[in-house]
Amino acid sequence: MARLPFVRRAPIAAFLGVMALVLAGCPAPDDETVEPPETDEWASCSNDEDGWEAEYPPDWQVNPGDGVAACSLFDPEAIDLPQGPTAIPLDIAVQLRVESVARELDDLLEDPFATEIDRSDTTVDGSTAHRIEQEQAEDGIVPEGTRSVRYVVDLGDDRAFIAVSYDMGEPAFDEKVAVLDEMMDRIEFMDPEPVEGAWRTLPDAPIERINHTATWTGDGMIVWAGGEEIQADGAAWDPDAEEWRAIPEAPIDARWNHHAVWTGEELLVWGGSAGPDHLAECFADGARYDPVTGEWTEMAPAPGEGRCGSVAVWTGDELLVYGGHGAAGPPSLEDLHDDVIAYDPAADEWRSSGPAPVDARLGAVGAWTGDELVVVGGSDGELDARADGAAYDPDADEWRRIPDMPIPPRSGLEGAWAGDELIVFAGTELHDEGQEERLDGAAYDPDADEWRTIADLPGPHSTPAVAWSGSLLYVVGGDLQDPERHPAVVAYEPDADSWEVLPNAPGTPRQHHTAVWAGGELIVWGGSTHDGEAGPAVAWRGG
């Protein structure tokens with residue numbers, strides 16, 4: 001398969017995918033062989049969720065499981081992890097984890113950014129394993145020249161156990177490696193705790209895409225446009241036949257980050273941009289696709305200029321598009337829109353609304369409640385984040401203000417309509433000390449016209465794919481570098497106000513992908529994985 005770009009490149013060898021908070025110097029190699037502590041009375045711990053029991057020197061420390069999987073970090077000193085969604089220091093002596101193997105186990109064995117010093121085939125608790133010594137060849141997650149020893153153990157069922165020690169901090173590297181080797185002689189694997197539900201891999205689509213749209217039609221899924229080299233064609237998934245079919249190019253320019261909605265009869269695609277560059281054109285045109293005839297029809301031109309960073313919803317009668325910016329180049333206050341334009345496919349006509357009672361913005365979260373378009377958050381052309389919002393009634397062609405969010409404003413706010421509430425969460429808050437990835441969120445009830453705060457996310461998510469199942473809000477992937485500390489797939493249950501961490505899907509974490517609820521399962525499609533591969537099509541069906 002073609003390799004697709006990923007925003008952040010992380011060496012595969014640094015499979016914990018974390019950035020050290022403090023990069024300690026690398027001590028010189030010790031010529032003497034270091035033996036582990038001579039005692040049979042090692043301490044022990046277990047990780048029931050991923051399935052291992054580990055022993056470690058009795059005077060060492062182990063993490064209890066607060067924010068990081070229990071029984072996974074070991075060090076002679078007390079393990080004082082940073083609070084919040086920050087990184088695990090790489091100078092911790094020994095680190096363990098289980099990785100989902102998306103494609104081939106060999107992907108975990110080869111590191112293009114490091115020089116391999118030695119590799120030996122071995123077994124760990126009866127499972128096939130590889131012990132790899134290497135040195136970082138160029139700066140990445142660890143500095144150039146950093147030595148490491150890691151074990152990669154094939155557990156079967158698309159799971160690999162990984163143990164690693166880096167030549168960073170204290171104690172000396174040879175002492176760490178001696179303990180790591182002894183721990184691998186003592187470790188025992190067990191069946192992980194059963195999870196209700198499972199992932200399955202779908203057949204490959206005839207296309208690969210990033211920054212596309214995926215739309216559920218009620219009996220199938222249509223993906224369109226996007227791509228590393230931007231396209232105007234797509235593909236359709238038939239879940240009954242478990243088959244894909246290609247759909248032809250639309251009669252409009254190729255694009256990405258556009259809008260797509262299903263009317264009940266047709267797919268409407270509109271807007272978007274000609275590429276990732278700030279100077280890329282924002283489109284004001286669109287097209288309609290009829291999956292029965294397989295034909296496209298151009299939509300009437302929208303009033304005014306194109307819009308990027310806007311909100312779009314389908315009301316049952318009209319496509320509503322709110323806000324966004326229209327000029328090529330970095331957005332500014334003068335380029336922002338504060339109104340709604342509405343498209344009626346029956347008449348092939350557009351209309352415009354009056355201005356909203358809040359400042360113009362881009363990047364807002366929006367949803368159709370059944371009666372109103374609700375928009376909240378976003379930022380102005382100077383990227384100052386907003387906490388306010390408004391609701392638009394298309395029947396009355398009237399706006400009303402809604403209360404401000406009870407959480408700090410932030411860029412990159414995520415959200416979705418969850419049956420009777422608009423749920424918003426995540427994002428990045430900018431302040432004098434820098435930026436902070438937020439875990440908090442809130443839910444807006446339009447009937448009561450009030451907000452409530454919700455439980456914090458288990459970990460930060462930047463630009464994930466979001467889908468509502470009717471009872472759970474799924475949040476999948478995004479810009480994640482450590483799925484052990486930052487779970488790649490989580491689900492929020494509004495009734496219980498709780499988040500559940502789900503098993504990682506094959507090919508996650510990934511970026512620029514989509515997720516749709518497909519009548520009985522969650523389909524995750526497209527995007528790019530951390531190693532640059534196209535994300536496989538996968539589906540989750542809960543228990």
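The figures here come from the full heavy-atom set of this structure, side chains too, leaving out hydrogens, waters and symmetry mates. Quick caveat: nothing in here was measured; it's all calculated off a predicted structure.
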Please round to the nearest 0.5 Å and tell me the distance separating atom [atom1] of [X] and atom [atom2] of [Y].
| X | Y | atom1 | atom2 | result |
| --- | --- | --- | --- | --- |
| Asp253 | His258 | CG | NE2 | 13.0 Å |
| Glu49 | Cys71 | CD | SG | 12.5 Å |
| Thr315 | Glu372 | OG1 | CD | 12.5 Å |
| Asp388 | Met405 | CG | CE | 8.5 Å |
| Asn211 | Arg255 | CG | CZ | 14.0 Å |
| Met221 | Thr514 | CE | OG1 | 6.0 Å |

Do any N or O atoms from the side chain of [X] and from the backbone of [Y] form a donor-acceptor pair under 3.5 angstrom?
| X | Y | value |
| --- | --- | --- |
| Ser165 | Ala93 | yes |
| Lys176 | Asp167 | no |
| Arg361 | Gly323 | no |
| Trp525 | Ala515 | no |
| Ser310 | Gly324 | no |
| Asp91 | Met168 | no |
| Trp540 | Gly197 | no |
| Asn63 | Ser72 | yes |

Suppose we screen for salt bridge (Lys or Arg N to Asp or Glu O under 4.0 Å). Which residues come up paired with [X], at least two apart in sequence or across chains?
| X | value |
| --- | --- |
| Glu414 | none |
| Asp338 | none |
| Asp420 | none |

Looking at side-chain heavy atoms only, is the closest gap between [X] and [Y] below 4.5 Å?
| X | Y | value |
| --- | --- | --- |
| Arg307 | Tyr322 | no |
| Pro446 | Arg400 | yes |
| Cys308 | Leu362 | no |
| Ile79 | Trp60 | no |
| Leu439 | Pro460 | yes |
| Pro536 | Arg510 | yes |
| Ser379 | Asp384 | no |
| Thr428 | Arg410 | no |

Item to complete: Please lay out, stage by stage, how Thr213 and His259 fare under the test side-chain contact (heavy atoms from CB on, under 4.5 Å).
Response: CA-CA 7 Å; Thr213 52; His259 299 301; over 6 Å; no
What pair of heavy atoms forms the shortest contact from [X] to [Y], and how long is it?
| X | Y | result |
| --- | --- | --- |
| Ile210 | Trp256 | CD1-CZ3, 3.8 Å |
| Pro506 | Val538 | O-CG1, 3.8 Å |
| Ala312 | Leu319 | CB-CD1, 4.1 Å |
| Trp517 | Ala467 | N-CB, 4.0 Å |
| Ala387 | Ile407 | CB-O, 4.5 Å |
| Thr215 | Val261 | CG2-C, 4.2 Å |

Ala342 meets the side chain to side chain contact (heavy atoms under 4.5 Å, CB included) criterion, sequence neighbours left out, with Glu318, Leu320, Arg351
Practice task
Determine, stepwise, if the pair Gln61 / Asp75 fulfils side-chain contact (heavy atoms from CB on, under 4.5 Å).
Solution key: CA-CA 5 Å; Gln61 308 295 315; Asp75 199 87; 5.5 Å; no
Distance flag, aromatic centroids of Trp52 and Phe161, threshold under 6.0 Å | yes
Q.
I'd like to know whether CD of Glu77 has more than 12 heavy-atom contacts from other residues, nucleotides or ligands below 6.0 angstrom.
A. no
Could you walk me through whether Phe425 and Val466 satisfy the side-chain contact (heavy atoms from CB on, under 4.5 Å) test, starting with their C-alpha distance in whole Å, then the side-chain angles of each, then the deciding distance to 0.1 Å, before giving a yes or no? CA-CA 11 Å; Phe425 55 91; Val466 180; 4.1 Å; yes
Taken in chain and number order and not counting sequence neighbours, the residues that satisfy side chain to side chain donor-acceptor pair (under 3.5 Å) with Glu429 are Arg438
Judged by modelled atom types alone, do Gln231 and His212 share a side-chain donor-acceptor pair under 3.5 Å? no
Using the ring of each side chain (for Trp, its six-membered ring), is Trp451 parallel, tilted or perpendicular to Tyr444, with breaks at 30° and 60°? tilted
> Between Asp380 and Arg386, does a salt bridge (charged side-chain N to carboxylate O under 4.0 Å, His left out) hold up when you go through it step by step?
Replying inline: CA-CA 8 Å; Asp380 65 18; Arg386 307 294 196 191; 3.5 Å; yes
Sorted by chain and number, sequence neighbours left out, ring pair (Phe, Tyr, Trp, His ring centres under 6.0 Å) with Trp368 holds for none
Open item on the list: For a side-chain contact (heavy atoms from CB on, under 4.5 Å) check, start with the C-alpha distance between Tyr474 and Val524, then their side-chain angles and the critical distance, and finish with the verdict.
Closed with: CA-CA 11 Å; Tyr474 290 95; Val524 180; over 6 Å; no
